[in-house]
K.L.:
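Would you mind keeping the following structure in view while I ask a few things?
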Amino acid sequence: MAKEDTPSTSKDLQELQRKLCLLIESVQNNSKVVAFMKSPVGQYLDRHPFAALTLLVFVVMSAVPVGFFLLLVVLTSLAAFVGVMLLEGLVLSVGGVALLCVLCVLGFVSLSVSGTIIVSYVAMSSLINSWLSPSPALYRSPRADHFLSSRNRPLTQNPSGDASRP
């Protein structure tokens with residue numbers, strides 16, 4: 001059985017090696033990789049393969065913790081944003097209710113004050129009118145007083161015989 005698996009395994013390994021060579025060739029022909037390899041850092045890593053391997057292992061191994069850290073940063077920022085929005089909503093709701101209560105109290109106070117002012121005005125104006133109103137005698141002229149007082153006198157007769165009031 002081991003002999004039967006060997007030809008297919010070697011064929012699979014050759015196929016895998018061919019695909020890996022194509023992948024390496026496509027990466028090496030990439031314009032960004034070519035630009036990086038022409039840079040001083042790329043040339044240094046090309047001359048020092050151990051340093052390149054160490055850097056590659058470090059980058060691959062640090063990708064997971066850095067990814068978790070960035071995920072934590074994003075989730076914390078999102079939670080803080082939602083928390084701030086909830087807190088701000090709570091503060092605005094409490095402030096709105098407090099403002100509504102204050103405005104209701106101010107409306108009641110303004111109604112009370114305006115009612116008190118109106119009642120005071122009516123009372124004071126009627127008191128002032130009763131205290132400072134002139135007597136009805138001041139509105140009459142002296143002729144009217146003479147006329148009114150002559151109406152209350154008894155009738156007398158003139159020498160001509162007419163009855164008149166003196």
Side-chain angles (χ1 to χ4, degrees), residues 23-24 26-46 48 51-166:
L23 179 66
I24 290 173
S26 68
V27 168
Q28 286 177 345
N29 292 334
N30 190 345
S31 62
K32 292 182 181 180
V33 173
V34 171
F36 176 73
M37 290 307 287
K38 287 182 180 178
S39 71
V41 174
Q43 290 176 358
Y44 177 81
L45 291 175
D46 192 33
H48 299 88
L53 181 63
T54 304
L55 183 64
L56 179 67
V57 169
F58 175 76
V59 167
V60 168
M61 291 180 65
S62 65
V64 173
V66 169
F68 280 137
F69 177 75
L70 291 177
L71 181 67
L72 179 71
V73 167
V74 168
L75 291 178
T76 305
S77 299
L78 185 64
F81 179 71
V82 169
V84 165
M85 294 304 280
L86 290 176
L87 183 65
E88 187 174 343
L90 177 69
V91 168
L92 287 177
S93 297
V94 169
V97 169
L99 178 64
L100 181 65
C101 291
V102 167
L103 290 178
C104 287
V105 168
L106 285 177
F108 178 73
V109 168
S110 66
L111 282 173
S112 301
V113 168
S114 63
T116 304
I117 289 172
I118 288 174
V119 167
S120 299
Y121 174 75
V122 168
M124 291 301 288
S125 64
S126 64
L127 284 174
I128 288 173
N129 283 339
S130 68
W131 285 340
L132 298 180
S133 66
S135 64
L138 293 178
Y139 290 120
R140 295 189 298 237
S141 65
R143 289 178 107 189
D145 281 345
H146 177 70
F147 177 72
L148 288 175
S149 64
S150 65
R151 290 178 76 194
N152 295 334
R153 292 186 194 150
L155 288 175
T156 57
Q157 283 211 357
N158 282 343
S160 62
D162 289 333
S164 69
R165 291 191 178 144

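Quick note: numbers below take in every heavy atom, side chains included, and nothing from hydrogens, waters or symmetry partners.
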K.L.:
Throw together a table of side-chain donor-acceptor distances under 3.5 angstrom for residues 103-116, partners on residues two or more places apart or in other chains.
P.N.:
{"residue": "Ser110", "atom": "OG", "partner": "Leu106", "partner atom": "O", "Å": "3.2"}
{"residue": "Ser110", "atom": "OG", "partner": "Gly107", "partner atom": "O", "Å": "2.8"}
{"residue": "Ser112", "atom": "OG", "partner": "Phe108", "partner atom": "O", "Å": "2.9"}
{"residue": "Ser114", "atom": "OG", "partner": "Ser110", "partner atom": "O", "Å": "3.0"}
{"residue": "Ser114", "atom": "OG", "partner": "Leu111", "partner atom": "O", "Å": "3.0"}
{"residue": "Thr116", "atom": "OG1", "partner": "Ser112", "partner atom": "O", "Å": "2.7"}

K.L.:
Kindly write out the residues that satisfy side-chain contact (heavy atoms from CB on, under 4.5 Å) with Val57, not counting sequence neighbours, or none if the list is empty.
P.N.:
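Counting only residues at least two positions away or on another chain, Val57 forms a side-chain contact (heavy atoms from CB on, under 4.5 Å) with Leu53, Met61.
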K.L.:
If you take all heavy atoms of Pro65 and Ser62, which pair is closest and at what distance?
P.N.:
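What the structure gives for the nearest pair is CD-O, 3.4 Å.
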K.L.:
Listed by chain and number, what are the ring pair (Phe, Tyr, Trp, His ring centres under 6.0 Å) partners of Phe36, not counting sequence neighbours?
P.N.:
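Checked Phe36 against ring pair (Phe, Tyr, Trp, His ring centres under 6.0 Å); zero matches.
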K.L.:
Taking distance alone, no hydrogens or angles, what donor-acceptor pairs closer than 3.5 Å link side-chain atoms of residues 74-84 to residues at least two apart or in another chain?
P.N.:
{"residue": "Thr76", "atom": "OG1", "partner": "Leu72", "partner atom": "O", "Å": "2.6"}
{"residue": "Ser77", "atom": "OG", "partner": "Val73", "partner atom": "O", "Å": "2.8"}

K.L.:
Throw together a table of side-chain donor-acceptor distances under 3.5 angstrom for residues 89-97, partners on residues two or more places apart or in other chains.
P.N.:
{"residue": "Ser93", "atom": "OG", "partner": "Gly89", "partner atom": "O", "Å": "2.8"}

K.L.:
What pairs with Val33 under side-chain contact (heavy atoms from CB on, under 4.5 Å), at least two apart in sequence or on another chain?
P.N.:
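Testing Val33 for side-chain contact (heavy atoms from CB on, under 4.5 Å), a comparison that skips the adjacent residues, returns Val27, Asn30, Met37.
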K.L.:
Name all residues meeting the side-chain contact (heavy atoms from CB on, under 4.5 Å) criterion together with Leu55; count only those two or more places apart in sequence or in a different chain, and write none if there are none.
P.N.:
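By the side-chain contact (heavy atoms from CB on, under 4.5 Å) rule, Leu55 matches Leu45, Val59.
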K.L.:
Quick one: does any side-chain atom of Asn129 pair with a main-chain N or O of Ser125 as donor and acceptor, under 3.5 Å?
P.N.:
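Yes, Asn129 side chain to Ser125 backbone: donor-acceptor pair under 3.5 Å.
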